[in-house]
Amino acid sequence: MNKIMITGLAALGLTLSAWVMALPTPSGEPILWISGAISETNSDSVAAFDEAMVSQLPQATINTNNHVVESVLEYQGPTLESVLELVGAKGESVKVVAWDDYVVSIPVADITKYQVLLATHEAGERMSIDDKGPFFVVFPFADHPELRNDYYYSLSVWQVKEIIVE
Ligand SMILES: Nc1nc2c(c(=O)[nH]1)N[C@H]1C(S)=C(S)[C@@H](COP(=O)(O)O)O[C@H]1N2
Ligand SMILES: [Mo]
């Protein structure tokens, strides 16, 4: 980006971070859909993501075990908070829908407090849909023993397909 463009953006009242964080349009097959109380969309009232868009989001990691995997493994992916920020989510909770039609509501307060991941990778491997992929909601159980109860286990959705901001 050259100086004239940057000056132009500033004149338009846009910040560089808004420019960088704008929601792109998927060029590949969508693998995640976000709808509901969001301000940024890329196809009728939905924010759709393909694999490339997800991998370009800032990545975070959580080392933890959980109710399904006994050993502590590294989970990697964008934080749910950053994904919600990107789509301009304005809501108190998000309804997470899985490919097996499992649905649960996660409070945004928990998503922020625990920096919950929308994990794509487990121990460096892309999780596939016949395992816990394409997305697994990961809470930091290892660092926060208070999460080790059936309520937070029930929020640990695997095979995530869709998020509806409420
Ligand atoms: N996709 C999906 N995720 C899910 C579920 C489900 O049925 N489908 N069950 C949830 C509930 S209610 C709990 S308690 C745990 C259950 O995990 P387990 O049956 O392997 O102990 O995963 C959660 N994540
Ligand atoms: Mo459960």
Side-chain angles (χ1 to χ4, degrees), residues 23 26 28-38 40-166:
L23 180 68
E29 213 181 296
I31 53 169
L32 174 71
W33 294 265
I34 306 182
S35 62
I38 61 174
E40 308 304 310
T41 59
N42 54 19
S43 66
D44 12 44
S45 58
V46 172
F49 291 76
D50 65 10
E51 186 73 30
M53 287 166 66
V54 173
S55 65
Q56 280 154 25
L57 294 170
Q59 301 289 304
T61 59
I62 289 177
N63 290 296
T64 192
N65 50 0
N66 55 56
H67 51 304
V68 270
V69 182
E70 212 181 310
S71 44
V72 174
L73 297 175
E74 184 193 77
Y75 290 89
Q76 184 210 310
T79 63
L80 257 173
E81 184 183 40
S82 71
V83 174
L84 294 178
E85 232 166 65
L86 181 63
V87 300
K90 297 267 178 307
E92 307 267 281
S93 66
V94 298
K95 196 187 264 182
V96 178
V97 184
W99 283 100
D100 64 354
D101 293 331
Y102 180 79
V103 182
V104 81
S105 206
I106 306 179
V108 170
D110 281 335
I111 286 170
T112 305
K113 179 175 181 191
Y114 295 110
Q115 288 295 292
V116 175
L117 288 190
L118 192 57
T120 52
H121 289 69
E122 178 188 73
E125 297 254 347
R126 182 73 175 92
M127 289 179 283
S128 72
I129 191 151
D130 39 57
D131 182 15
K132 295 179 287 305
F135 304 102
F136 181 28
V137 173
V138 173
F139 283 82
F141 294 106
D143 289 340
H144 293 272
E146 75 272 20
L147 296 174
R148 295 184 175 278
N149 57 65
D150 203 52
Y151 174 66
Y152 288 102
Y153 294 151
S154 76
L155 305 189
S156 302
V157 188
W158 55 82
Q159 297 175 332
V160 173
K161 171 174 73 171
E162 193 185 341
I163 296 171
I164 303 153
V165 181
E166 300 179 316

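All values below come from the heavy atoms of this structure, side chains included, with hydrogens, waters and symmetry mates left out. We count ligands from 1, going down the list as the structure has it; atoms in each ligand are counted the same way.
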J.: Should M53 and N42 count as side-chain neighbours, where that means a heavy-atom distance under 4.5 Å?
T.: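 Yes, side chains in contact.
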J.: Of the protein's non-hydrogen atoms, which lies at the shortest distance from atom 24 (N) of ligand 1, and what is that distance?
T.: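 Going atom by atom, the protein heavy atom closest to atom 24 (N) of ligand 1 ends up being S156 O, 3.1 Å.
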J.: Verify the neighbour count for atom NZ of K161: are there more than 12 heavy atoms of other residues, nucleotides or ligands below 6.0 Å?
T.: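 More than 12 heavy atoms, drawn from other residues, nucleotides or ligands, come within 6.0 Å of this atom.
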J.: What protein heavy atom is closest to atom 7 (O) of ligand 1, reported as residue, atom name and distance in Å?
T.: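 Looking at atom 7 (O) of ligand 1, the protein heavy atom closest to it is Y102 CD1, 3.3 Å.
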J.: Atom 21 (O) of ligand 1: which protein heavy atom is closest, and how many Å away?
T.: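 Going by distance alone, atom 21 (O) of ligand 1 is nearest to H67 CD2, 3.8 Å.
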J.: Would you confirm whether any non-hydrogen atom of the protein falls under 4.0 Å from atom 19 (O) of ligand 1?
T.: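 There is no protein heavy atom less than 4.0 Å from atom 19 (O) of ligand 1.
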J.: Is any side-chain heavy atom of Y75 closer than 4.5 Å to a side-chain heavy atom of V69?
T.: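 Y75 reaches V69 side chain to side chain.
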J.: Specify the protein heavy atom at minimum distance from atom 22 (O) of ligand 1: its residue, its atom name, and the distance to 0.1 Å.
T.: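 Protein heavy atom at minimum distance: W158 CZ3, 2.9 Å.
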J.: At what distance, to the nearest 0.5 angstrom, does CG of L118 lie from CG of L32?
T.: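 These two atoms lie 6.0 Å from each other.
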J.: Under 4.0 Å from a heavy atom of D150: which atoms of ligand 1 are those, numbered in the order shown and with their elements?
T.: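 In order of number, 14 (S).
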J.: Any idea which part of A98 is under 4.0 Å from ligand 1, heavy-atom wise: side chain, backbone, both or neither?
T.: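 For A98, the contact with ligand 1 is made by the side chain alone.
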J.: First locate atom CD1 of I106, then atom CZ of F139, and finally report the distance between them rounded to the nearest 0.5 Å.
T.: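 With rounding to 0.5 Å, CD1 (I106) is 5.0 Å from CZ (F139).
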J.: Hey, does Q76 have a side-chain heavy atom less than 4.5 Å from the side chain of T61?
T.: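 Touching, per the 4.5 Å side-chain cut-off.
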J.: Of the protein's non-hydrogen atoms, which lies at the shortest distance from atom 23 (C) of ligand 1, and what is that distance?
T.: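 Looking at atom 23 (C) of ligand 1, the protein heavy atom closest to it is Y153 O, 3.4 Å.
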J.: What atoms of ligand 1 come within less than 4.0 Å of a heavy atom belonging to V68?
T.: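 Those of ligand 1 that fall under 4.0 Å from V68 are 20 (O).
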J.: Looking only at protein heavy atoms, which one is nearest to atom 8 (N) of ligand 1, and what is the separation?
T.: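 Here the closest protein heavy atom is D100 OD2, 2.8 Å.
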J.: Counting C-beta onward and ignoring hydrogens, is there a side-chain heavy-atom pair between V46 and S35 closer than 4.5 Å?
T.: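 Of all side-chain heavy-atom pairs linking S35 with V46, at least one is under 4.5 Å.
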